[in-house]
There are 2 protein chains.
Amino acid sequence: MEPPAPLSTRITAPDVQGSAHERVYRTLRGRIMSGEMEPGVALTLRGIGKDFGVSMTPAREAVRRLAAEGALTLSASGRVTTPDLSPERIEELAALRALLEPELAARALPRAHMALIERLRTINGRVAEVVAKHDVTGYIRSNLEFHRTLYLRAQAPAMLAMVETVWLQLGPTMRALYMSKDRTDLQKHHRTILAALAAGDEPGLRLAVRTDVTQGLRMLVGL
Amino acid sequence: MEPPAPLSTRITAPDVQGSAHERVYRTLRGRIMSGEMEPGVALTLRGIGKDFGVSMTPAREAVRRLAAEGALTLSASGRVTTPDLSPERIEELAALRALLEPELAARALPRAHMALIERLRTINGRVAEVVAKHDVTGYIRSNLEFHRTLYLRAQAPAMLAMVETVWLQLGPTMRALYMSKDRTDLQKHHRTILAALAAGDEPGLRLAVRTDVTQGLRMLVGL
DNA sequence: GCGCGGGCTTTGTGATCACAGGTTGTTCAT
DNA sequence: ATGAACAACCTGTGATCACAAAGCCCGCGC
């Protein structure tokens, strides 16, 4: 192995969807939010780099960005792990969801047309499918898609971003949570949300969203 | 110029307070949150690096972290600027404050002892001083310190972090806002907050905080 | 059998460089 | 004088390397 090395290695970058660090970031973020990784798993920059075929530099940027959003935990020595949340932290994040999501739903309500409700029904049907298959990741993903689709109508990007940050932080925990629980009741809550939406009932919608969001996460803490 | 170069430059790092990128991050964050930089100002990695006596690498990490928190804006080509928010964005962030801060205040209320109220009074006195001196940055800083001191008692780190993220995003805007406005009314609101705290009046406290938070930011949009 | 010390390995940090794309300023032609 | 084309410069991106410190494991001593 020649020590000096010619230098000038440019594979001309596939650049399929933006820069390298963004690709790493997006992929990792998706994995974490949908609960593909369990809490407390260790990651290494070199390992991530190897997985994505990039050097440590973009891996580091992606990791730091995720850590800034609370999607990853950095130990004092810089070690990277998925977050393993304390019950208090979980409760706090649940409270945040209970605070933000009814507001987003209420803002979406006046803009919710029939087409949106129909789309939500479709997504909710997909939730039933994945529940039947005991597909935890698929369940989390489609459940969040249900909420996100509704909130997108609120036209409140900063608020939505904040809620997604909370979802991110809860990702690994949700996996652990939903793996040990029956989930037929969740669809019931989603149906209540849809009913309130169709009726244009704002107080009912706020309550339905709050209940849906709260009860799933209360299970772990209050068991 | 020798191509290989000796390599091996380690000034043994001062390491006064953690890693280089953290020092850069903390300083920049403080500057942005307290409104020391106006909206739309351009920054460069090399420039930041030179300012802090570090290379581009830690500068880049600090910038990306700040961008992830919304404290800086990255253009499509990667250019870095302080955020110049649209009125809709400002209103949304104000709504976020109006949603989160009363909750934090309410959670702090049962834990608020006399010593805390006294401390808040002191901070509020400092607000009066800086207002008299027309020191915008000092005003923003002590105003936020008033709120942060109260919310710290809520024992809700995730919620506090979220609110601070909102403050960060509003930093440069607050500067532009407060520079063109009289501010004697702000202390009045703070006094109302203190009265509700002392009386243990939760609804009154929620309202007082919401009013304090909302009205200052409503000025810009609704003028 | 169990704890502890010392080496080897792994891992994050930061500096430097090559490169590409964007920005800017200048000059030339109309 | 105004517009476009071009060149020089500026700026972010990513790879690679040196380094330090933290972790890990094996073996020694009690």
Side-chain angles (χ1 to χ4, degrees), chain A residues 1-28 40-68 71-83, chain B residues 1-28 40-68 71-83:
Chain A
M1 14 178 111
E2 299 73 54
L7 243 319
S8 87
T9 24
R10 195 54 160 197
I11 312 95
T12 64
D15 238 314
V16 279
Q17 51 158 345
S19 47
H21 73 259
E22 181 136 357
R23 186 164 45 89
V24 176
Y25 167 77
R26 291 238 174 268
T27 310
L28 248 33
V41 172
L43 299 177
T44 67
L45 298 183
R46 287 174 175 85
I48 294 170
K50 194 169 300 181
D51 286 353
F52 287 86
V54 298
S55 82
M56 295 172 54
T57 313
R60 215 188 335 175
E61 294 195 25
V63 163
R64 291 221 98 89
R65 186 167 166 193
L66 289 165
L72 290 174
T73 302
L74 270 69
S75 85
S77 66
R79 259 30 192 229
V80 189
T81 55
T82 50
Chain B
M1 29 179 100
E2 299 72 53
L7 244 321
S8 86
T9 24
R10 193 54 158 197
I11 313 95
T12 64
D15 237 313
V16 279
Q17 52 156 343
S19 46
H21 73 259
E22 180 135 359
R23 186 163 46 89
V24 177
Y25 167 76
R26 291 239 174 268
T27 309
L28 249 33
V41 172
L43 299 177
T44 67
L45 298 184
R46 287 174 175 85
I48 294 169
K50 194 168 301 179
D51 286 353
F52 287 86
V54 299
S55 82
M56 296 173 54
T57 313
R60 215 188 335 176
E61 295 194 25
V63 164
R64 291 223 97 88
R65 187 167 165 193
L66 289 165
L72 291 174
T73 303
L74 271 69
S75 84
S77 66
R79 249 53 179 218
V80 189
T81 55
T82 50

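Just so we're on the same page: letters track the sequence lines, and every chain starts at 1. Bear in mind that the values here come from a model prediction, so they are computed numbers and not experimental data.
- Residue Arg64(B) places at least one side-chain N or O under 4.0 Å from the OP1 or OP2 atom of dT13(D).
- dG14(D) atom P lies 13 Å from atom CZ of Arg60(A), rounded to whole Å.
- When the nucleotides dT13(C), dT11(C), dT11(D) are ranked by their closest atom to the side chain of Met56(A), dT13(C) comes out on top.
- When all heavy atoms of Ala59(A) and Ile48(A) are compared, the pair lying nearest together is CB-CG2, 3.9 Å.
- With dA15(D), dT13(C), dG12(D) as the candidates, the nucleotide lying closest to the side chain of Thr57(A) is dA15(D).
- Closest to the side chain of Thr44(B), from the set dA15(C), dG12(C), dT11(D), is dT11(D).
- A donor N or O paired with an acceptor N or O is found under 3.5 Å between the base of dG12(D) and the side-chain atoms of Arg46(B).
- The distance between atom CG of Leu45(A) and atom P of dG12(C), rounded to the nearest whole Å, is 4 Å.
- When the side-chain nitrogen and oxygen atoms of Ser77(A) are compared with OP1 and OP2 of dA22(D), none of them lie within a distance under 4.0 Å.
- Taking atom CD of residue Glu22(B) and atom P of nucleotide dG12(C), one finds them 16 Å apart after rounding to whole Å.
- Note on Arg65(A) versus Glu61(A): no salt bridge recorded, every NZ/NE/NH1/NH2 to OD/OE distance being 4.0 Å or above.
- Rounding to whole angstrom units, CZ of residue Arg23(B) and P of dT13(C) are separated by 15 Å.
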